[in-house]
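Predicted model only: the values in this text are computed from it and were never measured.
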Amino acid sequence: MDIPQDPIILVSYVNTKLRDQFATLDEFCRTYDVDETELCDTLDSIDYHYDETTNRFV
């Protein structure tokens with residue numbers, strides 16, 4: 001499955017998946033075969049950063 005490419009849609013998509021299906025970002029990335037660094041860099045570009053405590057991008 002392709003994940004959204006638009007960063008604004010992507011952050012919503014990833015946060016929803018993390019909330020509903022995945023306990024960690026690593027688990028999400030392995031399941032969807034996504035490079036974690038690339039994902040974080042993309043979301044960093046719009047000022048969203050992964051928070052391990054809440055398991056979401058804030």
Side-chain angles (χ1 to χ4, degrees):
M1 173 178 203
D2 291 327
I3 64 169
Q5 297 302 305
D6 180 277
I8 301 297
I9 296 170
L10 179 62
V11 72
S12 178
Y13 177 83
V14 172
N15 277 342
T16 299
K17 292 292 187 180
L18 291 173
R19 181 191 68 217
D20 295 345
Q21 297 176 345
F22 299 99
T24 66
L25 180 59
D26 180 60
E27 184 181 325
F28 168 84
C29 289
R30 281 187 283 117
T31 299
Y32 286 97
D33 194 28
V34 172
D35 181 280
E36 188 172 335
T37 301
E38 187 176 315
L39 174 64
C40 288
D41 287 347
T42 298
L43 296 180
D44 281 346
S45 74
I46 59 167
D47 269 349
Y48 280 86
H49 312 283
Y50 182 65
D51 178 10
E52 286 184 39
T53 305
T54 60
N55 190 37
R56 66 186 183 130
F57 284 88
V58 292

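The structure places CG of Asp41 at 10.5 Å from CD of Glu36, a figure rounded to the nearest 0.5 Å. Asp6 CG to Ser12 OG: the interatomic distance, rounded to the nearest 0.5 Å, is 10.5 Å. Distance OH/Tyr50 to CZ/Phe28: 11.0 Å, rounded to 0.5 Å. Interatomic distance, CG of Leu10 versus CZ of Phe57, reported as 8.0 Å (0.5 Å rounding).
With hydrogens and angles disregarded, a donor-acceptor distance shorter than 3.5 Å links the side chain of Ser45 to the backbone of Thr42.
Residues Gln21 and Glu27 approach most closely at O-OE2, 3.9 Å, considering heavy atoms. Scanning all heavy atoms of the two residues, the minimum distance from Leu25 to Asn55 falls at N-OD1, 3.7 Å. The minimum heavy-atom distance linking Ile9 with Pro4 is given by the pair CG2-CB, 3.6 Å.
The environment of Gln5 atom CD is sparse: at most 12 non-hydrogen atoms of other residues, nucleotides or ligands sit within 6.0 angstrom. The local environment of CG in Asp33 is sparse, with at most 12 non-hydrogen atoms from other residues, nucleotides or ligands closer than 6.0 Å.
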Evaluate Val14 against Val34 for side-chain contact (heavy atoms from CB on, under 4.5 Å), listing each step before the verdict. CA-CA 11 Å; Val14 172; Val34 172; over 6 Å; no
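By the criterion of side-chain heavy atoms lying less than 4.5 angstrom apart, applied directly or through intervening Ile, Leu, Val, Met, Phe, Trp or Tyr residues, Tyr13 is grouped together with Val11 in one hydrophobic cluster. Cluster membership for Ile3 and Leu18, using ILVMFWY side-chain heavy atoms within less than 4.5 angstrom, is shared. No single ILVMFWY cluster, assembled from side-chain heavy atoms under 4.5 Å apart, contains both Ile8 and Val58.
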